[in-house]
Amino acid sequence: MDSKMKLLGHPIHQMLVVFPVGLLATAVIFDVIHAVGGNETMAVVAFWLISAGIIGGLVAAPFGTIDWLSIPAGTRAKSVGAMHGVGNVLVIILFLGSWALRREVPADPGVIALLLALCGGAVATVTAWLGGELVDRLGVGVHDGAHLDAPSSLKKHTIA
């Protein structure tokens, strides 16, 4: 099933999700480093990574929603896509809560802020797997003519 929102022949949602996934995962890693070693700089960096990750997630979400709306009702892809989307809303809420708790003093996030980020990271792992299931198993966002010798997606487009 081809994506409805594309840029130069590729699904926009799939291009954008790498940013929030990478930023939020890296924030969790920096939080762990802070929690183990007490380095306040790591906590401050995690705060800014979470800030950027939330923004990235909010930018990617509408494109995923548009693609999800075009999936036929009653299909496994529709239900997996719903779990993926709802799960990602939960990820943003968890990280937003973590961000709000650290906003006053980013260098000292506190236990609850760290737990929210860890839970957000755990849920994001599941939703990333669901996204992979949508693309790799169910073919959502895959061009209808995709194959190992398919022509470049740029053939019909020019780059200025």
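When all heavy atoms of S153 and H10 are compared, the closest pair comes out as OG-NE2, 3.0 Å. Residues L24 and L49 share a closest heavy-atom pair of CD2-O, 4.4 Å. Of all non-hydrogen atoms in H34 and A107, the two that sit nearest each other are CE1-O, 3.7 Å. Heavy-atom minimum distance, P20 versus G53: CB-O, 3.4 Å. Taking all atoms of both residues into account, the shortest heavy-atom contact from A150 to G145 is CB-O, 3.9 Å. In this structure, A77 and L134 approach most closely via the heavy-atom pair O-CD2, 3.5 Å.
Residues R102 and L114 meet the side-chain proximity criterion, which asks for heavy atoms closer than 4.5 Å. For the pair T75/V80, no side-chain contact is recorded, criterion being any heavy-atom separation below 4.5 Å from C-beta on.
Between the side chain of T127 and the main chain of A124, a donor-acceptor pair closer than 3.5 Å is present. For the pair K78 (side chain) and I71 (backbone), a donor-acceptor distance under 3.5 Å is present.
Partners of R76 by salt bridge (Lys or Arg N to Asp or Glu O under 4.0 Å), not counting sequence neighbours, listed by chain and number: E133.
Each of I50, I93, L94 was scored for a side chain to side chain contact (heavy atoms under 4.5 Å, CB included) with L116, with one residue passing: L94.
Cluster annotation: L115 is not connected to F30 through the hydrophobic network of ILVMFWY side chains, with a link wherever side-chain heavy atoms come within less than 4.5 Å. If you chain together hydrophobic residues whose side chains sit under 4.5 Å apart, M42 and L23 fall into the same group. Under the 4.5 Å side-chain heavy-atom criterion for Ile, Leu, Val, Met, Phe, Trp and Tyr, W68 and V142 are members of distinct hydrophobic clusters. L90 and L58 fall within the same hydrophobic cluster, defined by Ile, Leu, Val, Met, Phe, Trp and Tyr side-chain heavy atoms under 4.5 Å apart, directly or through other members. Cluster annotation: V44 is connected to F47 through the hydrophobic network of ILVMFWY side chains, with a link wherever side-chain heavy atoms come within less than 4.5 Å.
Separation of atoms NZ (K4) and CG (L69) is listed at 11.5 Å; rounding is to 0.5 Å. Between M5 atom CE and I66 atom CD1 the span is 4.5 Å, to the nearest 0.5 Å.
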Legend entry - Step-by-step side-chain contact (heavy atoms from CB on, under 4.5 Å) determination, V28 to F95: CA-CA 10 Å; V28 171; F95 277 103; 3.8 Å; yes
Inset, instruction - Check the pair D31, L118 against side-chain contact (heavy atoms from CB on, under 4.5 Å), reporting the backbone distance first and the verdict last. - result: CA-CA 9 Å; D31 272 345; L118 287 171; 6.0 Å; no
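Around atom CD1 of I112, no more than 12 heavy atoms belonging to other residues, nucleotides or ligands sit under 6.0 Å away.
Relative orientation of the H84 and H13 rings is perpendicular, given thresholds of 30° and 60° on the angle between their planes.
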